[in-house]
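Only heavy atoms go into these numbers, but all of them, side chains included; no hydrogens, no water, no symmetry mates. Being a predicted model, the structure only gives us computed values, none of them experimental.
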Amino acid sequence: MKNLDDRTLELPDGRFLGFVEYGTPAGKPLLYFHGHPGARLEARFLADAASRVNVRLIGIDWPNDIAALAHSLGLDRFAVVGFSGGGPYALACAHAIPDRLVSCGVVSGVGRTGFVRSFLAAWLPWLMLPLARRRCFPNQEQAEETLTRFSDRWPEPDRVALEIPGVKELMAASLVEGLTQGARGAAYDGALLGRAWGFEPEQLDFPAVYLWHGELDSQVPITDLRALAQRIRQAKPVFYPEDAHISTIVNHGGEIIESLLG
């Protein structure tokens with residue numbers, strides 16, 4: 001699935017926002033927030049499903065600026081979905097701009113963590129990502145080899161998902177793109193995941209917050225998401241007993257889009 005458009009938007013403060021579009025140009029808009037580390041190209045996970053059901057899928061590199069992007073693209077109301085580290089950004093939209101959203105989804109999303117894990121999340125990215133950029137993800141070929149090597153330690157559903165045609169290539173491209181300008185941006189994004197979100201899950205007063213998570217997820221424990229679901233008053237959780245971190249979005253893309261925009 002080739003992207004329809006891959007470009008940048010200059011924001012009023014002089015910064016640039018990268019985004020890519022898949023699916024149907026005139027379809028219902030769905031904004032995709034990528035995981036950590038990653039880039040807008042990760043939205044391709046849902047590209048085929050979006051094309052089948054008339055959805056305009058937009059992958060974004062800086063989710064906190066989506067209001068500016070929505071204004072530029074002429075989007076009045078839209079859905080958002082965050083994968084893994086993009087999950088808190090999707091929930092932040094449900095908190096900050098609920099009047100602009102039709103639905104909010106979190107797939108294999110990061111939940112609230114305790115002190116020790118928050119401390120590690122705040123500092124490890126600054127130590128690990130520069131090394132990972134040089135040795136693991138400097139280009140597409142090396143990134144694919146790294147994913148193959150890392151997958152030996154993944155749960156079986158994720159190993160199987162990685163071997164589906166296009167999945168390994170998609171993940172490698174997202175990782176390379178996310179680190180191509182250096183590791184600083186990705187490290188800062190990772191550090192944010194270890195900090196307070198700026199709101200409590202109990203404060204969300206939004207009628208359509210969907211949570212999808214695999215019970216075999218080894219990267220984000222299912223216990224974290226069960227606890228998060230209990231704290232969001234109108235959460236609609238779906239837990240898959242036979243899925244893990246990556247396989248959830250690979251195997252259930254159509255269901256995810258149907259729930260958000262059907």
- Do side-chain atoms of S259 reach the backbone of E255 as a donor and acceptor pair under 3.5 angstrom? yes
- Report yes if some heavy atom in the side chain of Y210 is under 4.5 Å from a heavy atom in the side chain of V238; otherwise report no. no
- Query: How long is the span from the CZ atom in F78 to the CG atom in L69, to the nearest 0.5 Å?
  - Reply: 8.5 Å
- Item | Nearest-0.5 Å distance that lies between atom CD1 in I58 and atom CD in E21 | 4.5 Å
- Search all heavy atoms of A172 against all heavy atoms of E144 and return the closest pair with its distance. CB-CG, 3.6 Å
- Passes side-chain contact (heavy atoms from CB on, under 4.5 Å), L30 versus I257? Steps please. CA-CA 8 Å; L30 171 60; I257 288 184; 4.0 Å; yes
- Query: Which heavy atom in F19 sits nearest to a heavy atom in D6, and how many Å separate them?
  - Reply: O-OD1, 3.3 Å
- Query: Less than 4.5 Å apart, any side-chain heavy atom of V81 and any of L260?
  - Reply: yes
- Query: Tell me, do L162 and I246 make a side-chain contact under 4.5 Å, heavy atoms counted?
  - Reply: no
- Message: Between M171 and V160, is there shared hydrophobic-cluster membership here, with clusters defined by ILVMFWY side-chain heavy atoms closer than 4.5 Å?
- Response: no
- Following the transitive rule for hydrophobic clusters with a side-chain heavy-atom cut-off under 4.5 Å over Ile, Leu, Val, Met, Phe, Trp and Tyr, establish whether L216 and Y240 coincide in one cluster. no
- Heavy atoms only: give me the nearest R15-D13 pair and the separation to one decimal. NE-OD2, 2.7 Å
- Task: Say whether, by atom type as modelled, one donor and one acceptor occur between the side chain of D61 and the main chain of L17 under 3.5 angstrom.
- Result: no
- Message: Does atom CD (E202) have a neighbourhood of more than 12 heavy atoms from anything else shown, all under 6.0 Å?
- Response: yes
- Spell out, as yes or no, whether a donor-acceptor pair under 3.5 Å connects the side chain of S174 to the backbone of L170. no
- Query: CG/L46 to CD1/I256 distance, rounded to the nearest 0.5 angstrom?
  - Reply: 6.0 Å
- Under 6.0 Å from the CD atom of Q181, do we count more than 12 heavy atoms belonging to anything else shown? no
- Quick check: does any side chain N or O of R133 sit under 3.5 Å from a backbone N or O of L179, one acting as donor and the other as acceptor? yes
- Item | CD-CD1 distance between Q230 and I232, expressed to the nearest 0.5 angstrom | 11.0 Å
- Query: What distance do Y32 atom OH and F45 atom CZ have between them, rounded to the nearest 0.5 Å?
  - Reply: 6.0 Å
- Message: Tell me whether Q140 contacts the main-chain N or O of E169 through its side chain, where contact means a donor paired with an acceptor under 3.5 Å.
- Response: yes
- Exercise: identify the closest heavy-atom pair between S108 and D217: CB-OD2, 4.0 Å
- Task: Spell out, as yes or no, whether a donor-acceptor pair under 3.5 Å connects the side chain of R100 to the backbone of L75.
- Result: yes
- What pair of heavy atoms forms the shortest contact from S84 to G35, and how long is it? CB-CA, 4.1 Å
- Query: Is E258 salt-bridged to R52, cutoff N-O under 4.0 Å?
  - Reply: no
- Query: For the side chain of R56 and the backbone of T24, is there at least one donor-acceptor N/O pair under 3.5 Å apart?
  - Reply: no
- For H245, the option from F83, W154, W212 that meets ring-ring contact (aromatic ring centres under 6.0 Å, His included): F83
- Could you tell me whether K168 and E163 make a salt bridge, using a distance below 4.0 angstrom between a side-chain N and a carboxylate O? yes
- CD of E242 to CD of E156, rounded to nearest 0.5 Å, is 9.5 Å
- Taking all non-hydrogen atoms of both residues, which atom of P201 and which atom of L228 are closest, and how far apart? CG-CD1, 3.7 Å
- Message: Closer than 3.5 angstrom, by distance alone: can the side chain of Q203 be matched with the main-chain N or O of E200 as a donor-acceptor pair?
- Response: yes
- Query: Is there side-chain contact between L41 and Y22, with at least one heavy-atom pair below 4.5 Å?
  - Reply: yes
- Message: Please determine whether side-chain contact (heavy atoms from CB on, under 4.5 Å) holds for the pair R233 and D205, giving the CA-CA distance in whole Å, both sets of side-chain angles, and the decisive distance to 0.1 Å.
- Response: CA-CA 7 Å; R233 282 175 289 176; D205 187 18; 3.7 Å; yes
- Message: A side-chain contact here means heavy atoms from C-beta on lying under 4.5 Å apart; do H213 and R226 qualify?
- Response: no
- Task: Would you sort out whether S151 and D158 count as a side-chain contact (heavy atoms from CB on, under 4.5 Å), showing the intermediate values?
- Result: CA-CA 8 Å; S151 68; D158 282 348; over 6 Å; no
- Message: Using 30° and 60° as the class boundaries, would you call the ring planes of F150 and F137 parallel, tilted or perpendicular?
- Response: perpendicular
